[in-house]
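Read through the structure below, which is laid out as structure tokens, and then see the notes.
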Amino acid sequence: MANAPCGFFNIYNCGVCRLPCNGYAYGCVRCRFYIDVNCGLMPKIITHESHPNHLLSIVKNNWARKGCIVCRRRVNFRLSFGCSTCNVHIHPECALLVPRTIRHPYDKHPMHLSYLPIENHKSEYFCEICEQKLNPHNCFYHCDMCSQSVHIECAPLILQSETETHSEYQDLFDRSDVYFFSNVKFGKLHKTANHPHPLLLALGIANDGGCNVCPDKLRYRIILRCLECPFAIHERCFKNT
């Protein structure tokens, strides 16, 4: 087991969860197929709070009419945890990587992951981060003490002090993954021949603005940021320079 030989930064997309990763990998160099350590050591059977009455087993889906019961996206043509009795499925990343508990800086209580509408909830649901409506039949975070709720896709914005709405975040990635960059190790400095200063591998934020090479914004992308001058670039653009 070693880092995947995928360019200067060893960033690859896992063949199981399809998330970017720059850590150790199991893989076939000839086929350029790599699996991150979490997926390589994935259990074959799990229990999950969203479907507590039955065990969930790893299955290969050729076609599934229903989506993942956590994120609601389809699970076609990929592995998932499934219950054959109830015909429900959960993406491996949704089952194993979504944090069960988060904290909001303005709420002294932890917010727990909820899978159903809260009992005796008297009003419409609104997200405390983006202030948009929240569907209580989809997975969300909730504080029982303060009756506050948060979209799972808005949860990363708590840590980044960002204000992007959950719908714009979904449109950007075509998915609502709170864990999208959980397998990428940020913070390493890289010396390159294309720039005179070391570049920091980071997750783009609003203050980074646009890429120095392409017209796209850097927010919510894997980027290289210079700490000595106003230079920032997409990791993918750097590979092509």
Side-chain angles (χ1 to χ4, degrees), residues 1-44 46 58-64 67-68 70-82 89-99 152-153 155-157 159-160 164 168-188 190 192 199-205 208 211 213-214 216-225 232-241:
M1 183 171 63
N3 289 98
C6 299
F8 191 79
F9 308 105
N10 293 322
I11 296 176
Y12 65 96
N13 285 88
C14 173
V16 175
C17 68
R18 302 180 185 179
L19 300 180
C21 179
N22 61 350
Y24 290 116
Y26 296 99
C28 175
V29 177
R30 177 179 296 180
C31 301
R32 298 185 63 82
F33 179 82
Y34 302 101
I35 296 175
D36 67 60
V37 175
N38 289 329
C39 289
L41 302 177
M42 187 187 302
K44 294 182 179 179
I46 65 168
I58 281 287
V59 294
K60 174 66 180 295
N61 300 284
N62 292 323
W63 179 260
C68 167
V70 173
C71 71
R72 304 298 173 178
R73 291 182 289 111
R74 291 192 178 274
V75 292
N76 300 341
F77 308 109
R78 56 178 301 192
L79 295 177
S80 72
F81 288 104
H89 300 271
I90 305 177
H91 293 118
E93 60 270 29
C94 291
L96 302 177
L97 296 181
V98 175
I152 60 170
E153 54 269 37
L157 311 184
L159 300 178
Q160 296 180 38
E164 194 78 33
E168 291 170 308
Y169 187 76
Q170 281 183 295
D171 291 342
L172 183 61
F173 293 115
D174 193 28
R175 58 200 301 167
S176 57
D177 299 348
V178 65
Y179 44 75
F180 191 82
F181 297 109
S182 62
N183 290 334
V184 178
K185 298 175 183 177
F186 295 108
K188 186 175 181 179
H190 297 271
T192 71
L199 298 175
L200 179 72
L201 187 68
L203 179 62
I205 60 175
D208 289 315
C211 176
V213 173
C214 77
D216 296 337
K217 294 183 178 180
L218 297 170
R219 198 179 198 182
Y220 302 134
R221 301 295 185 184
I222 300 175
I223 71 168
L224 291 160
R225 180 191 302 131
I233 183 175
H234 292 109
E235 175 266 339
R236 68 170 189 269
C237 292
F238 185 89
K239 287 182 177 179
N240 297 327
T241 56

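As a basis for the values below, the full set of heavy atoms in this structure was taken, side chains included, without hydrogen atoms, waters or symmetry mates.
Checked by atom type and distance alone, the side chain of H234 pairs as donor or acceptor with a backbone atom of K217 at under 3.5 Å. The backbone N or O of P20 lies less than 3.5 Å from no partner atom in the side chain of N183, so there is not a single donor-acceptor pair. Checked by atom type and distance alone, the side chain of H91 pairs as donor or acceptor with a backbone atom of R74 at under 3.5 Å.
Side-chain contact check for D216 versus R236: some heavy-atom pair is nearer than 4.5 Å. Under the 4.5 Å side-chain criterion, counting only non-hydrogen atoms from C-beta, Y26 is in contact with L41. Looking at heavy atoms from C-beta onward, I222 lies in side-chain contact with F186 at the 4.5 angstrom threshold. In this structure the side chain of V29 reaches within 4.5 angstrom of the side chain of Y34, judged on heavy atoms.
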Between I223 and D208, is a side-chain contact (heavy atoms from CB on, under 4.5 Å) present by the stated rule, with each step listed? CA-CA 9 Å; I223 71 168; D208 289 315; 3.5 Å; yes

From CA spacing to verdict: side-chain contact (heavy atoms from CB on, under 4.5 Å), C17, C39: CA-CA 7 Å; C17 68; C39 289; 3.8 Å; yes

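Between the CZ atom of R225 and the CG atom of L199 there is a distance of 11.0 Å, given to the nearest 0.5 Å. Distance OH/Y12 to CD1/I35: 9.0 Å, rounded to 0.5 Å. With rounding to the nearest 0.5 Å, the separation of CD1 in I46 from CD1 in I58 is 7.5 Å. Annotation: the span from L19 atom CG to F181 atom CZ amounts to 9.5 Å, rounded to 0.5 Å. For the atom pair L79 CG and H89 NE2, the distance stands at 12.0 Å (nearest 0.5 Å). For the atom pair CG (L218) and CG (L224), the distance works out to 10.0 Å, reported to the nearest 0.5 Å.
The heavy-atom pair separating I90 from C68 by the smallest distance is CA-SG, 3.7 Å. The minimum heavy-atom distance between V37 and A25, with the atom names listed, is CG2-N, 4.5 Å.
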